[in-house]
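A quick write-up on the structure given underneath.
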Protein chains: 2
Amino acid sequence: MSKAANPVVLLIEDERQMRRFLRVSLSANGYQLIEAETAAEGMTLAASHNPELILLDLGLPDLDGLEVTQRLREWTQVPLIVISARGQEEDKIKALDAGADDYLTKPFGVGELLARIRVSLRRASATDDGQPVFTLGDLKVDLFRRQVLVGGKEVHLTPIEYKLVALLVKHAGRVLTHRQLLREVWGPHHSEQTQYLRVYMGQLRHKLESNPSRPQYLVTEPGVGYRLRLPSP
Amino acid sequence: MSKAANPVVLLIEDERQMRRFLRVSLSANGYQLIEAETAAEGMTLAASHNPELILLDLGLPDLDGLEVTQRLREWTQVPLIVISARGQEEDKIKALDAGADDYLTKPFGVGELLARIRVSLRRASATDDGQPVFTLGDLKVDLFRRQVLVGGKEVHLTPIEYKLVALLVKHAGRVLTHRQLLREVWGPHHSEQTQYLRVYMGQLRHKLESNPSRPQYLVTEPGVGYRLRLPSP
DNA sequence: GGCGCGCATCAAGAACTCATAAAGATGGCC
DNA sequence: GGCCATCTTTATGAGTTCTTGATGCGCGCC
């Protein structure tokens with residue numbers, strides 16, 4: 001990820017006035033701005049330009065802001081600040097839980113916005129990992145396209161199978177406990193159903209591994225959970 | 001740090017009412033609270049208890065909140081959320097630039113606070129990387145990945161073996177008594193079963209030491225307990 | 001030297017966890 | 001309504017891990 005002197009910020013906002021206001025404020029403070037008027041355009045630009053931060057207005061004409069947040073979070077951890085005219089607590093909670101890093105209610109001070117941008121960038125530069133395409137031997141997982149390839153051939157995964165793989169990819173190299181996996185994929189109520197995991201890990205191994213009974217990628221950590229191997233460097 | 005089921009939150013706040021309010025709200029939502037009334041006490045507790053998140057009131061009697069933020073940031077990246085009665089933009093900017101991750105103005109909704117706490121913890125658990133890798137000669141213990149390497153090769157440990165190693169690593173250099181080890185790993189009921197320790201220490205030595213009968217890393221302190229050597233500096 | 005004590009080692013069965021296959025349940029879609 | 005893919009549930013055997021008791025060693029003390 002380019003950590004240039006002038007960070008690239010993607011602004012997704014439909015109001016012209018607001019766009020102009022932010023364009024002026026941000027570029028005056030050393031940010032490079034790219035702009036989108038619709039959610040669709042915004043998501044395309046996010047993928048093509050790989051910005052270092054996204055400012056997202058919740059009130060877009062074509063798609064709900066929550067939806068945009070969730071879709072972005074499927075493949076990228078880029079800092080995402082939501083700005084919105086809606087100040088209801090419920091809106092904030094939903095946006096934050098959907099994956100936003102911060103939530104600002106209009107009208108807000110430019111100074112505060114800039115400070116919150118600095119916080120997000122500061123944190124991101126300390127982290128900066130994970131490309132949206134994960135490769136390990138024969139296996140390729142493209143979080144953006146939502147596509148899994150084995151030996152170049154596309155493999156079809158069911159929704160739950162995909163969620164599991166995506167989670168494992170996002171934390172590749174780490175052990176994810178049964179509880180963590182179950183909570184993220186099935187929800188907090190099912191965090192005791194370890195049998196689900198056994199069944200699904202079996203299915204995934206059949207789809208992803210060349211020798212499912214001797215897993216190379218998807219390894220069991222007995223008594224703890226599962227782990228996706230990292231590509232050996 | 002341990003992503004336990006109940007994250008430990010440190011609250012630094014001088015108003016009794018506010019403390020009670022937050023204590024109730026947070027513990028009802030599965031957080032373990034530790035409380036400080038003054039900045040001095042807060043910083044001590046932050047160091048001694050290693051909380052997973054800090055809630056800091058700006059208006060403390062003994063020290064300015066900004067000062068506290070800066071001092072904390074000198075040695076820890078723990079998520080830090082500032083709550084304050086002052087809603088001036090200038091205050092927010094200063095706190096955020098001093099190192100706070102978020103800033104909430106009183107009065108705020110509990111729901112929003114909880115959501116922002118979730119955001120901070122979510123990010124922290126995804127980031128945590130890079131810190132805690134213990135190295136001692138041939139031996140490497142990565143607590144974040146839950147991985148143990150000997151001479152660069154991964155070694156598989158059973159849950160109990162790993163718990164023991166993790167405990168020893170966390171207290172590397174110090175002697176852990178039989179009782180301490182047994183209580184932490186097997187639970188308070190088994191704190192007399194020193195035989196367990198003998199068996200497991202033996203297994204660990206076979207897995208970790210090059211010459212298990214002459215332990216270099218995992219040393220016995222006769223009559224007391226066991227100790228993991230510190231890397232000689 | 002004989003004895004007691006704490007420690008290390010070994011081995012075997014009990015208890016638990018995992019993998020796998022396959023049957024039953026659900027829900028969308030024509 | 002019936003089909004299909006998917007998800008849930010159950011059953012079973014294989015595989016690990018934990019516990020437990022037996023045995024041997026070394027050291028200090030009588």
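Protein chains get the first letters and strands the later ones, always in sequence-line order, with residue 1 at the start of each.
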For [X] and [N], is the shortest distance between a side-chain N/O and OP1 or OP2 below 4.0 Å?
X: B:Thr194; N: C:dG6; answer: no
X: B:Tyr200; N: C:dC7; answer: no
X: A:Tyr226; N: C:dT17; answer: no
X: A:Arg198; N: C:dC18; answer: yes
X: B:His178; N: C:dG6; answer: no

Checklist entry - Would you call B:Glu184-B:Lys163 a salt bridge at under 4.0 Å N-O? => result no

Item to check | Carboxylate-amine/guanidinium proximity below 4.0 Å for A:Arg19 and A:Glu13 | outcome: no

Nearest whole Å is fine: how far is [N] [atom2] from [X] [atom1]?
X: B:Glu192; N: C:dG6; atom1: CD; atom2: C1'; value: 15 Å
X: B:Leu197; N: C:dC7; atom1: CG; atom2: P; value: 10 Å
X: B:Leu182; N: C:dC7; atom1: CG; atom2: P; value: 12 Å
X: B:Met201; N: C:dG6; atom1: CE; atom2: P; value: 18 Å
X: A:Ile160; N: C:dG27; atom1: CD1; atom2: C1'; value: 13 Å
X: B:Trp186; N: C:dA15; atom1: CH2; atom2: P; value: 18 Å
X: A:Lys207; N: C:dT20; atom1: NZ; atom2: P; value: 15 Å

Next on the checklist: Applying a 4.0 Å non-hydrogen cut-off, can you work out what A:Gln195 is touching in the nucleic acid: base, sugar-phosphate, or nothing?
Outcome noted: base

Next on the checklist: Within the 4.0 Å heavy-atom criterion, would you say A:His156 contacts the bases, only the backbone, or no part of the nucleic acid?
Outcome noted: sugar-phosphate

Next on the checklist: Go through it in stages, so that I can follow the logic: the residues are A:Glu221 and A:Leu176, the test is side-chain contact (heavy atoms from CB on, under 4.5 Å), and I'd like the CA-CA distance, side-chain angles, deciding distance and then a yes or no.
Outcome noted: CA-CA 9 Å; A:Glu221 299 282 347; A:Leu176 292 176; over 6 Å; no

Next on the checklist: Quick check for you: name the first and last nucleotides of DNA chain D, 5' to 3', having an atom under 4.0 Å from a heavy atom of chain B.
Outcome noted: D:dT17 to D:dA22

Checklist entry - When rounded to the nearest 0.5 angstrom, what distance separates OH in A:Tyr103 from CZ in A:Arg116? => result 12.5 Å

Next on the checklist: Closest-nucleotide mapping onto DNA chain D: is B:Leu157 or A:Tyr196 further toward the 5' terminus? I mean the 5' end.
Outcome noted: A:Tyr196

Note, [X] side chain near [Y] side chain (heavy atom, < 4.5 Å):
X: A:Met18; Y: A:Lys106; value: yes
X: B:Lys140; Y: B:Phe134; value: no
X: B:Gln180; Y: B:Tyr226; value: no

